[in-house]
Amino acid sequence: MDPNGEDGPRKVEIAEVDVDFGLRVRSQSELFGSTENPVVPPPLQPPLASTILAGLYGPPPGSHGNDSAGPSAPTHAVDQTQDAERIQRLQEEEFQRRLRGEYENAQRRLGDVVSGNMDRPLRLTSIRLVPPPPTTRTNFLASLISPFLAPPSPHLPPWLHVAPPPPRTLHEVLLTTRAMMQHIDKFGVFDMEKSGVRLENRRGGDDDEVELVLSLRERSRLFLKAGTEVGGGEGGGNITARLRNALGGGETLEGQASIGTKTKSAYQASLTTPLFASPLLSFALSAFSFDRDNSAFASHREQASGGRAKLSAIEPYGLHDLTYEYIKRDINHLSPEASISVRQLARESTKSSLSHTFTSDTRDDPWLGTSGRLLKITHEYAGLPGSSSSVRFFKSLSQSQFSRALFEGSNITYSLSSLTSILYPLGPRSRPTELPDRLFLGGPNSLRGWRVGGMGLRDGPDSLGGELSWGGGLSVFAPIWPGKGYWPVRGHGSLNVGKVVGYDRDRTFGDNMMRMYRNPNVSVGLGLMYRLDPIRVEVNFSMPLIGRKGERTARGFGVGVGIEFL
């Protein structure tokens with residue numbers, strides 16, 4: 001049939017159906033029954049305020065007869081001394097009661113009609129945007145909604161195609177609609193609370209063909225935020241500016257600037273864009289620079305600038321990040337008491353590297369969880385064209401953590417965590433690894449009982465870090481008062497072990513690993529943990545039990561603030 005012909009399409013009755021996710025979906029009454037015996041939903045006419053008020057206050061002056069829809073008029077005169085406010089309150093309660101009852105009855109009748117026709121054969125043949133979003137590109141929107149109309153492309157991995165199979169019934173159409181709206185919401189470009197969707201007969205199509213009419217409302221494009229941050233033993237302030245949907249294809253343009261006690265200044269600008277119109281696959285370009293003060297443990301400041309390109313993919317098992325980074329570092333502003341070793345390492349260097357990071361986090365709570373676990377593994381190769389001769393290495397870092405209740409139903413939880421880092425030097429044997437690439441351990445956020453960077457090789461007042469390090473932690477959290485498990489303050493006991501050593505090239509790799517794990521440092525602690533989402537604050541009294549001569553211990557009270565703890 002020609003949809004533009006003179007006769008026009010068939011005329012149908014339309015009922016409105018409310019579905020989850022805050023959307024309005026319209027479905028034809030032909031979907032609710034056969035052509036011979038259609039099931040016509042009862043007419044839904046919301047009660048008029050004038051009708052209800054007329055029933056409450058009685059007929060207007062000069063009118064005759066009774067209104068059958070309203071309550072019976074009072075049969076006796078109201079005492080003139082009765083409290084007027086009490087009468088008004090009772091009348092308002094009656095008004096709200098009747099209005100709520102009419103609405104619930106209408107919803108119940110409509111729900112019965114829809115639930116009785118969920119298996120009605122139906123095909124979704126097209127999706128139409130009315131009106132089209134003003135700043136979003138048409139080709140991006142087409143790529144975004146096409147997976148919900150056609151089978152997945154054989155050239156893309158299956159996990160990128162989140163759409164269910166093509167719907168064949170009303171129930172499957174509603175499920176597809178919900179999946180599509182959740183998929184669109186992940187981009188963060190549209191305001192889903194102000195967006196809507198409805199179903200209409202496809203013009204010129206068959207009786208079982210419907211068209212989905214989609215109305216998308218874009219969010220405000222500009223976002224500004226200023227605040228403070230704490231963590232890793234430092235504090236500072238930052239400002240963030242973000243432009244959503246910068247090029248009309250779900251891109252995000254972001255700039256950040258911050259100052260702090262240790263990181264004197266840091267700047268970053270980045271552009272992130274989704275690939276294949278999917279929020280599960282993205283590509284980001286960024287440029288950055290920072291000035292970090294490391295004089296607290298190594299008598300120098302590190303200034304660096306560079307750029308990176310990152311490809312990120314979210315699959316069912318976790319997050320993959322493939323990153324290329326080029327960075328230029330400079331060790332300068334040495335303290336007057338800087339050691340000979342730090343002075344020899346105070347030079348410029350460049351690093352050109354490729355790294356892969358896999359992160360899987362299924363914890364129900366990062367600190368007081370009872371199920372799930374965290375696994376994070378990073379492999380990096382440095383030595384690509386552009387690297388300094390001394391910046392050639394392979395680095396591997398692995399981090400894991402899980403929390404459980406002490407026993408089922410217990411309000412006492414424990415947490416086990418580990419961190420292992422290996423830097424295998426590939427450069428000339430005559431040149432040591434650069435100071436910014438080395439591994440450091442110690443502090444209230446990592447190995448309690450030692451100062452920040454206080455473990456490993458040292459030269460006078462300076463920590464030189466190492467190429468091999470590992471740490472493990474056991475934490476137990478308990479309510480500080482019986483029956484007050486919901487308080488954000490909890491008692492905290494900890495046991496930490498770990499070690500930092502240098503890589504001896506005259507020994508085998510196995511011998512170096514044995515040196516790293518043999519005779520670890522040990523400390524215990526007792527204190528309080530305060531949960532201040534999204535950060536955690538600890539006040540502990542820590543006691544080193546086993547250490548090494550020359551390392552900087554921190555016996556006594558210490559305060560740790562941050563997100564990640566060992």
Side-chain angles (χ1 to χ4, degrees), residues 231-233 359-377 397-421 439-456 468-480 485 487-501 513 516-531 535-548 551 553-566:
T359 306
S360 176
D361 190 355
T362 61
R363 299 172 295 177
D364 58 345
D365 188 286
W367 305 307
L368 304 176
T370 57
S371 65
R373 48 92 185 110
L374 168 68
L375 178 62
K376 185 175 182 180
I377 302 175
L397 298 93
S398 63
Q399 179 183 355
S400 63
Q401 191 266 339
F402 74 91
S403 300
R404 295 292 185 271
L406 191 60
F407 53 86
E408 186 175 357
S410 172
N411 215 356
I412 302 175
T413 60
Y414 68 91
S415 171
L416 288 173
S417 57
S418 67
L419 175 65
T420 303
S421 303
L439 309 172
F440 295 86
L441 196 62
N445 290 52
S446 59
L447 205 71
R448 302 170 183 87
W450 275 261
R451 296 184 183 276
V452 175
M455 299 180 63
L468 304 172
S469 70
W470 77 279
L474 168 64
S475 294
V476 179
F477 304 95
I480 61 175
W487 281 7
V489 180
R490 284 181 169 250
H492 174 225
S494 64
L495 170 66
N496 286 137
V497 296
K499 192 176 181 181
V500 178
V501 298
M513 296 299 292
M516 179 178 67
Y517 285 107
R518 189 186 300 122
N519 301 324
N521 296 1
V522 182
S523 69
V524 294
L526 187 64
L528 298 174
M529 186 274 288
Y530 180 74
R531 180 171 183 164
I535 64 173
R536 161 176 155 187
V537 182
E538 288 186 4
V539 180
N540 294 315
F541 183 88
S542 301
M543 173 73 71
L545 300 181
I546 300 176
R548 280 162 179 74
E551 293 182 337
T553 60
R555 175 183 177 182
F557 285 99
V559 179
V561 181
I563 298 177
E564 294 184 352
F565 286 78
L566 187 61

Atom of [X], atom of [Y] and distance for their closest heavy-atom approach:
X	Y	answer
Ser421	Met516	O-SD, 4.4 Å
Gly449	Pro544	O-CG, 3.2 Å
Arg404	Thr370	CD-O, 3.4 Å
Asn496	Gly473	ND2-CA, 3.4 Å

Report task. Walk me through it: do Asp365 and Arg531 pass the test side-chain contact (heavy atoms from CB on, under 4.5 Å)? Result -> CA-CA 11 Å; Asp365 188 286; Arg531 180 171 183 164; 2.5 Å; yes
Query - Test item: side-chain donor near acceptor, Ser403 and Thr413, under 3.5 Å - result: no
Requested in this report: Please lay out, stage by stage, how Arg490 and Asn411 fare under the test side-chain contact (heavy atoms from CB on, under 4.5 Å).
Outcome: CA-CA 11 Å; Arg490 284 181 169 250; Asn411 215 356; 3.0 Å; yes
Query raised in the report: Do other residues, nucleotides or ligands put more than 12 heavy atoms under 6.0 Å from Arg548 CZ?
Result: yes
Query raised in the report: Are the side chain of Thr553 and the backbone of Arg555 linked by a donor-acceptor contact shorter than 3.5 Å?
Result: no
Query raised in the report: So, the side chain of Trp367 versus the backbone of Ile535: is there a donor-acceptor pair under 3.5 Å, distance only?
Result: no
Report summary line: Across all chains, not counting sequence neighbours, the ring pair (Phe, Tyr, Trp, His ring centres under 6.0 Å) partners of Trp470 are Tyr517
Query raised in the report: Which residues pass the ring pair (Phe, Tyr, Trp, His ring centres under 6.0 Å) test with Phe440, sequence neighbours left out?
Result: Phe297
Requested in this report: Go through the structure and list residues passing salt bridge (Lys or Arg N to Asp or Glu O under 4.0 Å) with Arg536, not counting sequence neighbours.
Outcome: Glu538
Query raised in the report: So how far is it from Leu495 CG to Arg448 CZ, rounded to the nearest 0.5 Å?
Result: 10.0 Å
Query raised in the report: Quick one: does Ile480's side chain get under 4.5 Å of Trp487's, heavy atoms only?
Result: yes
Query raised in the report: So, are Arg373 and Asp364 salt-bridged, with charged N and O less than 4.0 Å apart?
Result: no
